[in-house]
Structures are given as structure tokens and as C-alpha cells.
Amino acid sequence: MIRVLLADDEAMVRAGVRAILGSDGGAEVVAEAGDGREAVELTRAHRPDVALLDIRMPRLDGLAAAEEIVRTVPGTAVAMLTTFSEGTYVTRALGGGATGFLLKSGDPYELIAGVKAVAAGAAFLSPKVARYVIGEGLGGGRLIREEQARVRAAVLSPREREVLGLVGAGLSNSEIAARLHLVEGTVKAYVSAVLGRLGVRNRVRAAIVAYEAGLVES
């Protein structure tokens, strides 16, 4: 069972999200917060698998809360759940260590799939957000980014490039292990090595490099 911390300043929204997650049977909300500061405190107290945060909240906004949770509770994956998909929000959230960015306007399936993905160590972006990240990127022109990504990926071994491509496809460590017929611990070591050699802090950033380097199968 995936344990979730849910933070949103609207009680009705929290009730709706809790109902959606409960309908699948694979996740449960173990704590709820009405503002960002409370979200950080409850995450420290409950150590959930996933912290699901709105962006605009009192006392401490969701983006700042996400950064603090990533820094102080590294065992908890962070995903944003919001109505705001502006590029600046996406850039700050992913740059701050969030591995999921979901929109409240999305299909309930996206919410369930997103929580499962980030809990498993993978990344998940709502389609609208993914189009922005891949199309616009997080800085620089597309051709320049693609060339830079190819150069960065060139330092990887063939197996590391293969793992990077599967990270870019959104697979979790266990899914990559099954695909490549490896034990999960070996995949975890490969992913850590890839992140280190690319100089990126999380799987979302690695996935962007994979896309821009042309390593993700269409």
C-alpha cells in the first residue's frame, strides 16, 4: 500500500483526491495538510511514500514545501497536483526535486498512475506538462539542447545508455530490471551512476536528457 501525504488548502479538493486514490486500493492518504508548512511537518512525522502538494497554499507555497521535503525527507517522493501548468512552475518544481507534476484537470487515472510511478522511483508528468518539458525544455533552444544531450550521453556505457532510455520512457527500477533481465539492485546502481555521470539530481532531469539525446524509443 502506497502511503500518501496530501496537501491542499481546499478541503473539498482533498476529499476528492482521497476518494480517487482510495478507489484503486493501491494507495491511502495517511495525513492531510491545509498549508505548505503543515505539509512539511506532517511529512517529517509520517514519512509517507509520496507527498502530493498543491502549489498555491498559505504560509508556505507548494513549491517551497517540495524543496524542503526533498532536502529533509529524501525517502519521500514529491509530486505536484495543481491547476497551474505555467512553465515557471514546472521548471521550479522539477528543478527542486519533484518527480511528478499532475494537473487537477486531468483524468483520475493520471492521478493514480502518477502516484504509483513516483512511489516506485519513476517520474510522471501529465501529458500537457510533458509536452512543455519536451517541446520547450527547461532552458535553451531545442537544437542546442539536443546536441548538448547527445554529448552528455556519449560518456555513458552502452548499458547505461540503455538504462537511461528506459528511465526516459518512464519505467521504474523494477520494470527496467524485468526488461533487461537484471536484478533490481543492479538497476538501482546503474541509475545512480547515470545520474552522477550526467550531473543531474533526479530521474526527471535524466529523462529529459534521454529524450533530447534520442534514446527513448517512440
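Along the sequence shown, residues carry numbers from 1.
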Measuring only between side-chain heavy atoms, which start at C-beta, is R44 closer than 4.5 Å to T72?
yes
About how many Å separate CG of L52 and CZ of R18, when rounded to the nearest 0.5 Å?
13.0 Å
T76 side chain to P48 main-chain N or O, any donor-acceptor pair under 3.5 Å?
yes
Answer whether the closest heavy-atom distance between the side chains of V163 and V191 falls below 4.5 Å.
yes
With the side chain counted from C-beta on, respond yes when L111 and L21 share a heavy-atom pair under 4.5 Å apart, and no when they do not.
yes
Go through it in stages, so that I can follow the logic: the residues are R203 and N173, the test is side-chain contact (heavy atoms from CB on, under 4.5 Å), and I'd like the CA-CA distance, side-chain angles, deciding distance and then a yes or no.
CA-CA 11 Å; R203 296 173 78 106; N173 286 354; 2.7 Å; yes
Backbone N or O of A189 within a donor-acceptor pair of the S192 side chain at under 3.5 Å?
no
With side chains defined as the heavy atoms from C-beta onward, is the minimum distance between E68 and R37 less than 4.5 Å?
yes
Show your working on side-chain contact (heavy atoms from CB on, under 4.5 Å) between L180 and R159 and close with a plain yes or no.
CA-CA 10 Å; L180 300 181; R159 177 63 92 182; 3.6 Å; yes
Can you check side-chain contact (heavy atoms from CB on, under 4.5 Å) on V115 and V4, steps first, answer last?
CA-CA 8 Å; V115 167; V4 179; 3.9 Å; yes
Between G168 and Y211 the two heavy atoms that sit nearest each other are O-CE1, 3.1 Å
How many angstroms lie between atom CG of L60 and atom CD of E41, to the nearest 0.5 angstrom?
10.0 Å
Point-to-point distance, once rounded to the nearest 0.5 Å, from CG of L53 to CG of L81:
9.0 Å
Do the side chains of E32 and L42 get nearer than 4.5 Å, heavy atoms only?
no
Is there a side-chain contact between L198 and R205, using heavy atoms and a 4.5 Å cut-off?
no
Just by distance, do the side chain of E38 and the backbone of G34 share a donor-acceptor pair under 3.5 Å?
yes
Taking atom CG of L125 and atom OG1 of T99, what is their separation to the nearest 0.5 Å?
9.0 Å
For salt bridge (charged side-chain N to carboxylate O under 4.0 Å, His left out), just list the numbers for E160 and R197, CA-CA rounded to whole Å, side-chain angles, deciding distance to a tenth of an Å, and then say yes or no.
CA-CA 10 Å; E160 288 172 340; R197 299 187 74 179; 2.8 Å; yes
Would you say that more than 12 heavy atoms from the other residues, nucleotides or ligands in this model lie under 6.0 Å from the CE of M12, or not?
no
Can you see which heavy atom on T43 is nearest to which on I69, and at what distance?
OG1-CD1, 3.6 Å
Testing the basics here: between A77 and V118, what is the closest heavy-atom pair and its distance to 0.1 Å?
CB-O, 3.4 Å
Determine whether V209 and L166 fall in the same hydrophobic cluster, where Ile, Leu, Val, Met, Phe, Trp and Tyr are linked whenever their side-chain heavy atoms lie under 4.5 Å apart.
yes
Side chains of R3 and V50, heavy atoms from C-beta outward: is any pair under 4.5 Å?
no
Worked verdict on E67 versus R92 for salt bridge (charged side-chain N to carboxylate O under 4.0 Å, His left out):
CA-CA 9 Å; E67 292 170 355; R92 183 175 168 191; 3.1 Å; yes
Decide yes or no on side-chain contact (heavy atoms from CB on, under 4.5 Å) for V90 and L94, but give the supporting numbers first.
CA-CA 6 Å; V90 177; L94 301 185; 3.8 Å; yes
Do V13 and L103 sit in the same hydrophobic cluster, where Ile, Leu, Val, Met, Phe, Trp and Tyr count as joined when their side-chain heavy atoms come under 4.5 Å apart?
no
Among R56, R14, K104, find the residue that satisfies the side chain to side chain donor-acceptor pair (under 3.5 Å) test when tested with D8.
K104
Measure the shortest side-chain to side-chain distance between N202 and L195 over non-hydrogen atoms and say whether it is less than 4.5 angstrom.
no
Drop me the distance from M80's CE to L63's CG, to the nearest 0.5 angstrom.
4.5 Å
Single-linkage hydrophobic cluster L182~V167, side-chain heavy atoms < 4.5 angstrom:
yes
Which value, rounded to the nearest 0.5 Å, describes the distance between L164 atom CG and Y190 atom OH?
13.5 Å
Nearest heavy atoms of A65 and G36, plus distance in Å
CB-O, 3.8 Å
Under 4.5 Å between side-chain heavy atoms, counting indirect links through other Ile/Leu/Val/Met/Phe/Trp/Tyr residues: same cluster for L215 and V200 or not?
yes
Quick check: closest heavy atoms across L102 and S126, and the distance to 0.1 Å?
CA-OG, 3.2 Å
Can you name the nearest heavy-atom pair linking R47 to V73, along with the distance?
NH1-CG1, 3.5 Å
Cluster check L5, I112: I/L/V/M/F/W/Y, side chain < 4.5 angstrom
no
